[in-house]
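Note sheet for the following structure.
Proteins get letters first, then strands, A, B, ... in listed order; numbering begins at 1 in each.
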Amino acid sequence: MAQNRKHLANAPDASDDPPFDLPEAVREPELGPSLSSRALQGAAAPPYLSALNPEQRQAVEALDGPVLVLAGAGTGKTRVLTTRIAHILASRKAYPSQLLAVTFTNKAAREMKERVGDLVGGIVEGMPWLGTFHSIGVKILRRHAELVGLKSGFTILDTDDQIRLMKQVIEAAGLDKDRWPARQLAGLIDGWKNRGLTPDKVPAGEAFGFASGKGAQLYAAYQRRLKELNACDFGDLLLENLRLFLEHPDVLADYQRRFRYMLVDEYQDTNIAQYLWLKLLAQSSPNLCCVGDDDQSIYGWRGAEVDNILRFEKDFPGARVIRLERNYRSTGHILAAASGLIAENKGRLGKTLFTDGHMGTKITVIAVWDDEEEARAIGDDIERMQKDGQRLNEIAILVRASFQMRAFEDRFITMGLPYRVIGGPRFYERQEIKDAIAYLEITANPANDLKFERIINVPKRGLGDTSVKRLHELARAREMPLYQAAQMIVETEELPGKARHSLAGLVANFERWRGQVGHMRHTELAELILDESGYTAMWQADKSPQAQSRLENLKELVRFMHEFDSLEGFLEHVSLVMDADQAGDGERVSLMTLHAAKGLEFEVVFLPGWEEGLFPHQRSLDESGQAGLEEERRLAYVGLTRAKRIAKVSFAQNRRNRGLYQSALPSRFVDELPEAHVEVLEAKLPFGGAYQNFAGPFGRSRFDDVAPFEATYETPGWQRAQERTKTRARDEWSPAKARKARRPTTIEGELVAASSGAPAFRPGERVSHQKFGAGTVADVDGNKLTIDFDTAGRKRVVDSFVARG
DNA sequence: GTTCGCTCACTTTTT
DNA sequence: GTGAGCGAAC
């Protein structure tokens, strides 16, 4: 390795991007084998290669021509990608700047950068074309912006801005904005852009769905507005690239020559626009290597086209397909269960994972009464494992939909079990962060109308719709940005005195702040702006429970800005990278959606909520039929294959969904698991107080009259799940009887809880909780308290964890 | 212009 | 059951 590093360090200056339009002959890296590489050739394979298994090695060494690496879950996909990059560089096939490596997320790009860096040393700094589709798209677009009707400094709209702009477009077209919501139009346009469709290419039939056929016109109008604002939305970053390439073959040819080797991560997630983009670039010298797994394609609903990966061999004639099937992550039973399940899917390229490791324990399936009991059972399970030395960081609960998380959070809070939610609302998506960024953005770039509109009346400064409308009229008439219009309008009598005064104040503030750019540290300036604008004060005055954490977030934002050396640098980063690392310290159980879990792995994985309608989700079936079902099944596959050692599936017979308590059938996926690898568990008796709903202080519950389950639950999965419960009961099993039998336990549980000596609390009392600290009791419901915590916000907790004072 | 209260919807989510 | 968003009343 050390040898290798040295060798690479001697390569031509990595950061030296060959001038773009240099003739081919000059740019050609005339790198005869260096002394060290010749020495290496005489030796055995470089160490980075010998660490690979034969298939991985094949995937790394097949450098020329199109290659599809079908990398099953846990087969070392990232290792192959990074080693391949290292190999290309080490064998001097290309300069770092001639490698194109695309990922979907910034996180993946970052990881790849790091891992390549580990392999080859700092040379990766010279890989300017390693990034997300979008970041690379921006880079290209900024170089040739004029060719597609933009200026190089164009701004990138986030979703909020996009919706705001679309609202304006809809209203400008004289349409009722309530009847035709901007959100829906945004969805349509996004979909078209994902498919590489410009307004003129939108199929007539589809455009008809919106505003009685005006869909495509609105799309066109929206695009015009974007150009006027010198702005792009995310979809444009690729779409405009396509246009650039198609309308300017010379530009395309330059990039084709430049990118000698191309690598694509998660190819199964590419949409049509991305596919077209790759296809154009790969046209002349298709050293294109795509890595992916058709079985893990779970983003069809946002435009990903599984077909891209299924068709690879046809799209790129002569393509080699290399399968990575040796799994290094999971035990035999887990792999077999996952493989058995996914085998139900029709449209697959097909691969079978195997492991040299142990069979391990079978995956388990358990039926629980309802979502509350599910959370309770899993919570208890985790506590037990924790006692046996299982680290919480290695435990995850993967749910289909985020509303399922609440039951777990409630339960874990009550238990005092530390957890973290992954993939919740992102840092940059929070209101306070977006507002703050809007202030910073306008300071740097006053022409950003949408950002200006965002904060013109935040905090409230008496500039309502009417004033904003005036501003718009003026800006339109003079064809100038809103900000400039504001500067102008305050010199006139157009606005009522109060509004005029406060707008003048705002403009004066921005002018002063802008004067400070470059004279003051950008972090200090940010603090100054947040302060002087009254934005911080607004949240300080807010007495809602989240206000405190919003202020924390603002501080965090400023802290984060330290990593950049200028305001502009920070803003450029922010516009693309809607992604900040969640500070995740300490031992915690992870709670996330199945989608968020892709690419992660845990020792222990809980898979709750395997019920028809929830998983597979009804909506997915309704909207996409068989394809939807298969995607849901892939989601199940992704979930199972996250587990290294233990996977536990559960389903509830009743679930509180939208305020409604409804009975549910076990998911068909439960029955599709191969029996040989599954152990059906009984729900433990006594039910740990699970039936509070039935035997609270009010005796019989409304659920007592629900029809007997036997009538409804006849699937093999259900029967299997019930089998042992039946034997246990030594009597003919019936839900009613079972419930009756359990009732005393429950009552006991209630009694124990009620008589545990916990003092009754009253609303308004000051209390403290071991986990959340001090707070004020807002409401008392039996032994459950609702408390407004000073820092943690409003939570429901059990009184036994609460002390006075 | 702001605030309150009603209605509606509610899978998954990156850039 | 809950939160967001919008319209009507202050």
Side-chain angles (χ1 to χ4, degrees), chain A residues 102-109 131-138 156-159 161-163 167 177-178 181-184 187 190 193-194 232-239 266 269-271 273-274 297-304 371 398-407 410 422-426 428-429 431 457 459-469 495-496 498-499 502 544 546 573-579 592-599 609 613-624 628 631-632 634-636 638-639 655-661 794 796:
Chain A
V102 263
T103 63
F104 276 86
T105 63
N106 291 297
K107 187 168 161 240
T132 62
F133 276 101
H134 296 267
S135 65
I136 290 169
V138 177
I156 300 158
L157 266 50
D158 63 22
T159 324
D161 297 339
Q162 205 182 334
I163 300 284
K167 262 192 193 132
K177 68 172 164 41
D178 298 323
R183 279 226 134 275
Q184 196 187 333
D190 248 16
K193 288 187 175 177
N194 284 339
C232 266
D233 65 17
F234 283 120
D236 284 337
L237 297 180
L238 269 154
L239 199 62
E266 306 277 19
D269 287 339
T270 49
N271 61 33
Q274 287 155 344
S297 163
I298 54 175
Y299 285 110
W301 50 273
R302 65 174 196 214
D371 44 342
L398 311 182
V399 297
R400 174 64 181 81
S402 43
F403 76 82
Q404 292 172 261
M405 290 186 190
R406 176 164 298 157
D410 281 354
I422 301 208
R426 268 167 192 63
Y428 287 112
E429 312 227 316
Q431 184 191 344
N457 201 28
K460 304 247 174 351
R461 46 172 77 89
L463 293 163
D465 286 353
T466 341
S467 310
V468 173
K469 211 161 260 166
L495 294 180
K498 198 179 149 217
S502 86
S544 74
Q546 303 95 344
H573 169 86
V574 160
S575 65
L576 265 183
V577 184
M578 301 307 261
D579 185 25
M592 69 191 92
T593 63
L594 285 159
H595 283 93
K598 197 170 101 177
L614 175 59
F615 190 35
H617 201 281
Q618 193 57 46
R619 205 135 149 191
S620 185
L621 302 182
D622 290 347
E623 283 167 17
S624 317
E631 182 154 315
E632 295 282 304
R634 291 193 290 267
L635 205 45
V638 167
R655 183 168 295 275
R656 206 184 303 273
N657 195 348
R658 14 183 135 163
L660 278 177
Y661 201 81
R794 175 168 284 209
R796 276 175 59 150

- prompt: Is the aromatic ring of His595(A) within stacking range of dT12(B), meaning centres under 5.5 angstrom and planes under 30 degrees?
  reply: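 Given the distance and angle limits, no, they do not stack.
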- prompt: Taking the nucleotide of DNA chain B with the closest heavy atom to each, which residue, Asn457(A) or Arg302(A), is nearer the 5' end?
  reply: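 Taking each residue's closest nucleotide, the earlier one in sequence belongs to Asn457(A).
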message: For Ala401(A) and Arg461(A), find the nucleotide of DNA chain B closest to each by heavy atoms; which residue's nucleotide sits nearer the 5' end?
response: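 Comparing both residues, the 5'-ward one is Arg461(A).
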Under the side-chain hydrogen bond (donor to acceptor under 3.5 Å, both in side chains) test, which residues partner [X], sequence neighbours left out?
X         : value
Ser402(A) : none
Asp269(A) : Lys598(A)
Thr132(A) : Ser135(A)
Glu266(A) : Lys77(A), Gln268(A)

field: Over all atoms of both residues, closest heavy-atom pair of Asn194(A) and Arg302(A)
entry: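 Nearest heavy atoms, Asn194(A) then Arg302(A): ND2-O, 3.2 Å.
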query: Does any N or O in the side chain of Ser467(A) come within less than 3.5 Å of the main-chain N or O of Ala499(A), such that one atom is a donor and the other an acceptor?
result: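 Between the backbone of Ala499(A) and the side chain of Ser467(A) there is no qualifying donor-acceptor contact (under 3.5 Å).
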query: Short question: side chain of Asp410(A), backbone of Ala407(A) - any donor-acceptor pair under 3.5 Å?
result: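 Judged by distance alone, no pair lies under 3.5 Å.
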At 4.0 Å (heavy atoms only), tell me whether [X] reaches a base, stays on the sugar-phosphate, or touches nothing.
X         : result
Glu623(A) : base
Leu463(A) : sugar-phosphate
Asp233(A) : nothing

Nearest listed nucleotide, side chain of [X], among [options]:
X         : options                   : value
Thr132(A) : dT2(C), dT15(B), dT12(B)  : dT15(B)
Ala596(A) : dT15(B), dT11(B), dT13(B) : dT13(B)
Thr593(A) : dT12(B), dT15(B), dT2(C)  : dT12(B)
Thr159(A) : dC10(B), dT12(B), dT15(B) : dT15(B)
Glu632(A) : dT13(B), dT11(B), dC6(C)  : dT11(B)

Is the phosphate of [N] approached by [X] (side-chain N or O, under 4.0 Å from OP1 or OP2)?
X         : N       : answer
Ser467(A) : dG1(B)  : yes
Ser620(A) : dT12(B) : no
Ser135(A) : dT15(B) : no

query: Any donor-acceptor pair under 3.5 Å between the side chain of Arg619(A) and the base of dT11(B)?
result: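 Checked by distance alone, the answer is no.
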So which protein N/O to nucleotides 3-7 of chain B N/O distances come out below 3.5 Å?
none

Option among Val138(A), Thr105(A), Thr270(A), Asn271(A) that satisfies the side chain to side chain contact (heavy atoms under 4.5 Å, CB included) test with Phe133(A):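 Filter result, single survivor: Thr270(A).
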field: His617(A) and Trp301(A): CA distance, side-chain angles, deciding distance, ring pair (Phe, Tyr, Trp, His ring centres under 6.0 Å) verdict
entry: CA-CA 13 Å; His617(A) 201 281; Trp301(A) 50 273; over 10 Å; no
Would you list the protein and nucleotides 7-10 of chain C atom pairs, both N or O, that sit under 3.5 Å from each other?
from	atom 1	to	atom 2	distance (Å)
dG7(C)	OP1	Asp178(A)	OD2	2.9

